[in-house]
Amino acid sequence: METSVVIMAAGMGSRFKGGIKQLAPVGENGETILEYSVCDAARAGFDRVIFIIRREIEEEFMSKTAHIGEKYGVSVQYVFQDPEDIPVKIRTNRTKPWGTGHALLAARNVIDTPFTVINSDDYYGRSAFEKVHAYLVKADDSGDVLRGCMVGYILKKSISGNGTVNRAICRTDGDRLTRISEYYGISEENGIISGRNKQGITEVLPGDSLVSMNFFGFTPKMITELEKRFTDFLLTLPEDSESEFIIPNVLGELLEEKKAEMTVVRSEEDTFGMTRTEDVEDVRRRLRAIAAAGAY
């Protein structure tokens, strides 16, 4: 069965000063962090890579990823996330992107296989791709319930020493996801991790909490759900709202409505990424250590 990796690479990177963060060289031979993900995905058995990018970076992005298909033995496609690509006309003063749910919808016309969706600026670890691929090749798309999987990481292993991060905190019953809630501005101070919930209230978060790093496995049925719910999101959006249509929030709604069953595959590996320019050297150091241990 063919399986695809959808890589969301259309972010603006407003906190990254120094070029396009998705294309920042971090490997010994100038590899980008997303290239490590493609390498791990190809070794796990994924056949196709779909890059979601924005038009403004098209030429540079394509030139710096042109080698990926041949090098890793995968087919490569590019699609574009366009802020004007919305299903209904609304009045808005919006300046922010529409979010990860909208990004995934940019690939709606080319997703026709079970797929995983990931960020372009995070390192996930090879075992996570192996576990998601094993799930997807047996994925059941029958019935009305959406079935998928999510890689769960340990919160304290996923935060940055260079600033705050956003994470979706997960609740589980065994390996079944029961609730997922986005938290913002997460940081650690004096050994205490805290972040703001969607109401803006700061909460202390246990360091061993399970979190999503936007690493999901779905069948194409997820696209149908996103299309329907994005329309509802837009029609109820206040004109001055900067809210984003993000995958964890959609999953949260589906779980509450008993319309989704998500299996959590746990990763004990550290996950790290690039939000700010200050993260680059840390990412390089950690990738060198992983490579020295024989992973690459």
Side-chain angles (χ1 to χ4, degrees), residues 4-44 46 48-81 97 100 103 106-107 116-130 151 153 157-166 213-215 267 269-296:
S4 304
V5 180
V6 180
I7 302 181
M8 297 182 291
M12 301 294 289
S14 58
R15 289 177 287 181
F16 189 87
K17 311 301 180 184
I20 301 169
K21 72 172 179 176
Q22 299 92 321
L23 300 176
V26 291
E28 288 293 326
N29 298 301
E31 296 91 349
T32 58
I33 200 167
L34 65 83
E35 189 166 342
Y36 284 86
S37 289
V38 173
C39 175
D40 289 340
R43 290 180 176 180
F46 287 91
R48 179 170 57 155
V49 176
I50 302 168
F51 288 114
I52 302 172
I53 63 175
R54 63 183 192 274
R55 290 285 182 184
E56 294 89 334
I57 66 172
E58 176 182 2
E59 183 176 352
E60 185 173 358
F61 192 97
M62 287 187 172
S63 67
K64 291 189 176 179
T65 57
H67 65 288
I68 279 180
E70 182 176 357
K71 183 175 180 179
Y72 298 105
V74 293
S75 63
V76 177
Q77 290 179 275
Y78 300 87
V79 297
F80 300 95
Q81 184 179 8
T100 55
T116 187
V117 56
I118 62 172
N119 294 333
S120 62
D121 54 358
D122 286 314
Y123 177 83
Y124 293 103
R126 181 176 304 173
S127 66
F129 286 94
E130 294 171 346
V151 181
Y153 292 89
K157 293 185 177 183
S158 76
I159 57 178
S160 170
N162 294 318
T164 62
V165 296
N166 300 335
M213 292 289 295
N214 275 338
F215 193 162
S267 174
E269 295 185 70
D270 289 358
T271 178
F272 50 90
M274 294 191 299
T275 301
R276 300 165 179 81
T277 311
E278 295 83 355
D279 295 325
V280 173
E281 284 307 315
D282 181 58
V283 168
R284 287 174 176 162
R285 175 185 59 79
R286 298 175 81 163
L287 287 173
R288 282 196 300 269
I290 293 169
Y296 302 102

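Remember, predicted model here, so these are calculated numbers, not experimental data.
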Evaluate Phe46 against Val74 for side chain to side chain contact (heavy atoms under 4.5 Å, CB included), listing each step before the verdict. CA-CA 8 Å; Phe46 287 91; Val74 293; 5.8 Å; no
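- Taking the six-membered ring for Trp and thresholds of 30 and 60 degrees, Tyr36 and Tyr296 have ring planes more than 60 degrees apart, a perpendicular arrangement.
- When every heavy atom of Gly273 is checked against every heavy atom of Asp122, the shortest pair comes out as CA-OD1, 3.5 Å.
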Verify side chain to side chain contact (heavy atoms under 4.5 Å, CB included) between Thr65 and Tyr78, making sure each step is shown before the conclusion. CA-CA 10 Å; Thr65 57; Tyr78 300 87; 2.7 Å; yes
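- The backbone N or O of Ala10 sits nowhere less than 3.5 Å from a side-chain atom of Gln81 that would complete a donor-acceptor pair.
- In this structure, a donor-acceptor pair under 3.5 Å is present between the side chains of Tyr72 and Glu35.
- What you find for Ala41 and Val5 is that their closest heavy atoms are CB-CG2, 3.6 Å.
- Closest of all the heavy-atom pairs between Phe80 and Arg54 is CD2-C, 4.1 Å.
- Using a distance-only test at 3.5 Å, with no hydrogens or angles considered, a donor-acceptor pair links the side chain of Arg284 to the main chain of Pro25.
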As a quick check of understanding, evaluate side-chain hydrogen bond (donor to acceptor under 3.5 Å, both in side chains) for Glu269 and Tyr123, giving each step before the final call. CA-CA 10 Å; Glu269 295 185 70; Tyr123 177 83; 4.9 Å; no
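- Of the inter-residue distances, the one linking Ser75 atom OG with Glu70 atom CD reads 13.5 Å to the nearest 0.5 angstrom.
- Note that the CG atom of Asn214 and the CE atom of Met8 stand 4.5 Å from one another [nearest 0.5 Å].
- Within the model, atoms CD1 of Ile7 and CZ of Phe51 stand 4.5 Å from one another, a figure rounded to the nearest 0.5 Å.
- Here the CG-CE distance, from Leu34 to Met274, works out to 8.5 Å after rounding to the nearest 0.5 Å.
- Of all heavy-atom pairs between Glu58 and Ile53, the closest is CA-CD1, 4.0 Å.
- Between Arg43 and Asp40 there is no salt bridge, since no side-chain N of the basic residue sits under 4.0 Å from a carboxylate O of the acidic one.
- For the atom pair CD (Gln22) and CD1 (Ile57), the distance works out to 5.0 Å, reported to the nearest 0.5 Å.
- To the nearest 0.5 angstrom, Leu23 atom CG is 12.5 Å from Ile33 atom CD1.
- At least one donor-acceptor pair closer than 3.5 Å links the side chain of Arg126 to the backbone N or O of Ala295.
- Nearest heavy atoms, Ile50 versus Ser4: CD1-CB, 4.3 Å.
- A salt bridge links Glu60 with Lys64: at least one charged nitrogen is closer than 4.0 Å to a carboxylate oxygen.
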Side chain to side chain contact (heavy atoms under 4.5 Å, CB included), that's the test. Do Val38 and Phe129 meet it? Break it down for me. CA-CA 10 Å; Val38 173; Phe129 286 94; over 6 Å; no
Quick one: do Ser37 and Ile118 satisfy side chain to side chain contact (heavy atoms under 4.5 Å, CB included)? Show the steps, please. CA-CA 9 Å; Ser37 289; Ile118 62 172; 3.7 Å; yes
